[in-house]
Amino acid sequence: MYYFDNSATTKIDKEVLDEMMPYLTEKFGNASTIYSLGIESRTAILNGREKVAKALGCSSKEIYFTSSGTESDNWALKGVAFANKDKGKHIITTAIEHHAILHTCEYLEKQGFEITYLPVKENGIIDIEVLKKEIREDTILISIMTANNEIGSIQPIAEIGKIAKEKGIYFHTDAVQAVGNMNIDVNESNIDLLSFSGHKINGPKGIGVLYIREGVNIDNLLHGGGQERRKRASTENVASIVGIGKAVEIATKNIGKKSEYLINLREKCIKGILDKIPDTIVNGDREKRLPGNVNVCFKYIEGESLLLHLDKLGICASSGSACTSGELNPSHVLLAIGLPHEIAHGSLRISIGKNNTEEEIDYILSVLPDIVQKLRDMSPLYIKNK
Ligand SMILES: *Cc1c(COP(=O)(O)O)cnc(C)c1O
């Protein structure tokens, strides 16, 4: 199998699984109890929290474990919106956020909040001047992703954080794709809230983190027991907390070396595709881009049929995003960077991870041109344009 869908999910590291196993078996104590078995779980959670805090440059008191990146995004937006509605009802985000943000914003609009969806430039990056212009007296929150899951573009989060701080507006960033791929320091970038997820960084599924800067006014999403310092009820997922702690520790160690490795593979892949396949567009910024992200559009073909052909050869990749696959609408991200529908339909995302090798890139480059050509030969659009 050739796995090139690391932005959809990643394979769990063996070291991560090994550290989790005891907490899925004999160390099963509830962390809220007072006997030794429970204390062991409590200590494991503490350790996980410290590892996450170290990776983000914050205090472990500011780390809250959730069930996913989606829950962290929901909590940040709804929690801040509801807690601060007397100060204002305006939120700024972008048109290219993950659906965990966009659909939460749609829900908040129904609750009476006003959302501004910032456009992005052709390279998938916002214009800071437009952001400044959209800020209002009643803006309570700016939520802008660190890096995009489809086209890999990286936003100027330090600049955004600085502006938000000057204006006294909370700044949340969805860093699900960014953590482990680039250095993030919540204080340097003036980030008030940050989301990330275990399964995107070679950790387990079903665990996420929300960093909440001390003093941020935020409502609870889940009510119940007193877990997570009374902010997020439900019995802790101890094994996964241990797992995400280990995963983030591994992911942030040698980040420079790893990203250099991925950038090399990415550039080889992009160059190979452009050399071998005419009528191809590279989506997203060529420099300010996630190290492992390749996103291209092949004119005159359908991304979905391309994926099926790749699957027959054991290649896992994606078109649009995993969440939109199966829908007929082209990706909202590709439309936001200005691509017409028919071109956006022909997109392919190859997301390279640390387990991929140069030989695997050679393999995909050896099969892709023929598949694209075969599909083009069947396409009425291609024949008409030839
Ligand atoms: C995957 C992803 C999410 C959702 O995280 P889950 O843990 O899968 O719920 C949110 N935002 C971005 C940018 C993502 O890539």
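When a ligand or atom number is given, it counts from 1 through the structure's own listing order.
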Next on the checklist: With side-chain contact (heavy atoms from CB on, under 4.5 Å) as the criterion, how do Q373 and Y382 come out once you've worked through the C-alpha distance, each side chain's angles and the decisive distance to 0.1 Å?
Outcome noted: CA-CA 10 Å; Q373 193 54 48; Y382 182 63; 3.5 Å; yes
Next on the checklist: Quick one, I34 with I39, criterion side-chain contact (heavy atoms from CB on, under 4.5 Å). Give me CA distance, side-chain angles, the key distance, then yes/no.
Outcome noted: CA-CA 6 Å; I34 57 160; I39 293 170; 5.8 Å; no
One line per pair, note the atom names and distance for all nitrogen or oxygen contacts under 3.5 Å between ligand 1 and the protein.
from	atom 1	to	atom 2	distance (Å)
ligand 1	7 (O)	G69	N	2.8
ligand 1	7 (O)	S197	OG	2.6
ligand 1	7 (O)	H199	NE2	3.4
ligand 1	8 (O)	H199	NE2	2.8
ligand 1	9 (O)	T70	N	3.0
ligand 1	9 (O)	T70	OG1	2.6
ligand 1	11 (N)	D174	OD1	3.3
ligand 1	11 (N)	D174	OD2	2.6
ligand 1	15 (O)	Q177	NE2	2.6
ligand 1	15 (O)	K200	NZ	2.8

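Not counting sequence neighbours, Y261 has no partner by the ring pair (Phe, Tyr, Trp, His ring centres under 6.0 Å) test. By the side chain to side chain donor-acceptor pair (under 3.5 Å) test, Y2 is found to be paired with no residue, residues two or more places apart in sequence or in another chain being considered.
Using a 4.0 Å cut-off between charged side-chain N and carboxylate O, D285 and K121 make no salt bridge.
Sorted by first and then second residue, the pairs that involve residues 49-59 and meet side chain to side chain donor-acceptor pair (under 3.5 Å), not counting sequence neighbours, are R49-E228.
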